[in-house]
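Let me begin by presenting the structure, written as structure tokens, before commenting on it.
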Amino acid sequence: MHNSPDFKIPIGPQHPALKEPESFSVALKGEKILGVDIRLGYNHRGIEKAAEERSYVQDIYLIERVCGICSHSHATCFVQAVEEIAGLAVPARALYIRTIIGELERIHSHLLWLGVAGHEIGFDTLLMYSWRDREVVMDILATITGNRVNYGMNTIGGVRRDIDAPQAEAILNALTILEERTKYYIEIATEETTIIKRLSGVGVLSREDVLRLDAVGPTARASGVKRDVRVDDPYAAYAELSFDVITDNHADVYGRTVVRVKELLESCKIIRQALKNLPQGPIAIRAPRKIPAGEALSRYEAPRGEDVHYVKANGTEKPERVKIRAPTLANVQAVKHMLRDRFLADMPIVVAAIDPCFSCTDRMVALKEQAGGRAKVINWQALHNFSIEWHKQRGIDFAPLNKKLKERLAR
Amino acid sequence: MLQEVLGSIFKKPATNLYPAQKLEMPDKFRGKLKFYPERCIGCKMCMRDCPTGAITINKLGEGKFEAVIDLSKCIYCAQCVDSCPKKALEATKEVELAQLDKNKLRVVYSSKG
Amino acid sequence: MGALFYILIFPGFLFIIFFSLAIEFIDRKIYARLQNRVGPPWFQPLADFIKLLAKEDIVPTASNPKMFKLAPILALTSVITAFLYIPLWKTGALFSFNGDIIVVFYLLTLPTLAFFIGGWYSTSLYARIGSVRCLTQLFAYEVPLFMGILSSALLADTWSLKEMAVFYTQHPWFWMFNLLGFGISLISLLGKLEKVPFDIPEAETEVVAGSFTEYSGRMLAYLRLTLDIEMVVGSVLLALVFFPFGLNINPALGFMLFLLKVLFIISLISLLRTVVARLRIDQMISFCWKYLVPLALLQILVNLILKGTLLK
């Protein structure tokens, strides 16, 4: 009786704590959480399939809309993969501009997160202030790219818009304001009593758990794991810029907050360097409409963590396969772990602390029957059995291998 | 926190009172498309690159073209502006495009006469 | 006839409805300005109220309709009744007898119980959690709130609000001794009003709207009005108990002073909820019992000593 839940409450698919539909079924004993079931798939849009039916140029704008907040991340990640297949040498100036936009986007995403986190713990003043200050970076993004979100900055082989001298000046001015405000937010996050009370010790994810569950981005860095694609596998202009990877050892929501606010300062530092060293030259090279056959995997450190895109080209105007692994998919399993034995009141902030983006993450499995072509939805176990059968028909049998593995594990 | 909060009383609210007070769009803004029929050569590159199929070029006669832009489909990426070899398309700063009548979202540009 | 006018129009039923809507506007406006926002226009609370009155009432099929409908009415009537016992800008109130402080406390606790009943019988999971939190919270803030107010009554040596007003008018400046009690009562009042940092029962991001989740239309309008009137009654009570000066002067001037006192308390409430985050229910209870109650005991001790020395 001790561990049987009193009742299960549904947080989602529609719930004020969640900005996107996703289902968390929380088993409660009083105020205590006994277990959480996460169900993905409420916001599946079939973007990967849609990308296979459009040309590469059209895909940039489609992929950009995978996520409203990290639109530049997804677009850059996709474009990098295509450029690698086509063997295009992107001009240095374009790489620097991509880096600048990427870091501006990180600032805007982290400020947005800070506000959402404030709202989740009932601190609406923080929400209002950080979103007000976010307008500074949004305005700058609008000036450079022409839009506040979905910047449309990338094209295959470079970027579409240049940064001229007055714009560089405007960015530097905005950075001065942002740095000053960031210092204020660091002060608030580390000194405000009620915030610390709500954040510290909540949603603990140890270093070992990060490695086991493969968390990425600020979630991993807050547990002391130095994991950042910008350093591990530099893309764009990051190899030529010097910056620190912020880590923290609190391993809880407080640590994640500290990592994010400190990263704001690092981003400002990166943008200043990039603007100073901005090379001269063209901003794009002409890309062929037909991309030669080949495949590439591209990694990008989005504000929420590592974003992975896989593109397979078959020599036509359209990609044969596009696969997107958004950072939330890597982190969402950790949420279940973080919520164990916490209170219901911690649920919103723990979920928010991974900075979830559910529509980027949502996926489903549908198989078409060979006869008739009717689609059907099947569960994981059935899919597993189906794949074993499918391989057996083609002469691949995993049974001996599995047996060997089991024996090895037993030993 | 207290200091910042009390300081806000004497500050002007950060809110823009929108319909009364309109924002100036930045120079690179991608708003409603404008089409110059006299520059069009009918290569239809814009139609090919448009991610949503919002633009249609129709041939009216020898060297005469009209563009039909469906504003409800357009995502304002301005790829067509980049694709056009003759600069026959242009993104304007016009943003207030909401309509109650769906037919008004279809904009036709054709040369006079 | 006079009594009827007093109850129904001024400063009874009609006055308190409009006054509480005005107070809600002021609270929201100050809150907005402190957050560097514009805030709502002056008629917003009234417009919300009328809009809700015009909406459809939905009673969940699984709920107990009688209890579900009874709760808002019970809550509203009890707070309006409580208002009649409090002297506003004179030393006299409409009803007064020895022991009316207890009655006011009782009438102010009833809405919380009504929220519990309404939430519990609506059978929604969110509402049930909200209701349980409502009651849990009640045991935390009620004690320091009562102790804070009673310490002031102790100094005046009476159980009647009217006589308390008379005492403090005869002994001006004595209210200065009760300022600690004022702080304690103000913080506890936030719990009663379910405002940040103690808005745990209706924490939007956890339990949607708590006890109110299933309410709509007219009944939601009553519940919201109840909370507004509770805020007015609470601040009027604190104004009387802790700032009992200028009660027997020229009525017009007294009324102005009364408004100023209420406004001061309302702006303190708005300020407090601007600068803090919502606490968890366990943190809230330990805060009330570990800090507020000992401080309230200290205030009572101080007042006992004062009574033994100054008032001898």
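By convention in this document, chain letters (A, B, ...) are assigned in the order of the sequence lines, proteins followed by strands, and residues within each chain are numbered from 1. We use all heavy atoms of the structure for the numbers below, so side chains are in, but hydrogens, waters and symmetry mates are not.
Contacts between A:Tyr56 and chain B at a heavy-atom distance below 4.5 Å are absent for every atom of the residue. Contact of A:Glu191 with chain B is not made at all, since no heavy-atom distance falls under 4.5 Å. Heavy atoms closer than 4.5 Å to chain B are found nowhere in A:Tyr185, neither backbone nor side chain. There is no contact between A:Glu53 and chain B, counting heavy-atom distances below 4.5 Å. At a 4.5 Å heavy-atom cutoff, B:Ala91 makes no contact with chain A through either its backbone or its side chain. Of the atoms belonging to A:Ile188, it is side-chain heavy atoms, and not backbone ones, that fall under 4.5 Å from chain B.
Under the 4.5 Å side-chain criterion, counting only non-hydrogen atoms from C-beta, B:Gln79 is not in contact with A:Ile60.
Using modelled atom types, no side-chain atom of A:Arg132 and backbone atom of B:Pro13 make a donor-acceptor pair closer than 3.5 Å. Between the side chain of A:Arg54 and the main chain of B:Asp49, no donor-acceptor pair closer than 3.5 Å is present.
Scanning residues 17-29 of chain B against chain A with a 4.5 Å heavy-atom cutoff picks out B:Pro26, B:Lys28, B:Phe29, ordered by number.
The line from CG of B:Asn16 to CD of A:Glu135 is 8.0 Å long, rounded to the nearest 0.5 Å. Rounding to the nearest 0.5 angstrom, the gap separating the CG atom in B:Asp82 from the CZ atom in A:Arg161 is 7.0 Å.
In terms of heavy atoms, B:Arg30 sits closest to A:Asn147 at NH2-ND2, 3.3 Å.
More than 12 heavy atoms of other shown residues, nucleotides or ligands fall within 6.0 angstrom of atom CZ in A:Arg289. For NZ of B:Lys11, the number of neighbouring non-hydrogen atoms (other residues, nucleotides, ligands) closer than 6.0 Å is greater than 12. Heavy-atom contacts from other residues, nucleotides or ligands closer than 6.0 Å to NZ of B:Lys93 number more than 12.
Chain B forms the most heavy-atom pairs under 4.5 Å with one residue out of A:Ile144, A:Asn150, A:Asp59, A:Thr125, and that residue is A:Ile144. By number of non-hydrogen pairs under 4.5 angstrom with chain B, the leading residue of A:Met128, A:Arg65, A:Arg160, A:Glu192 is A:Arg160.
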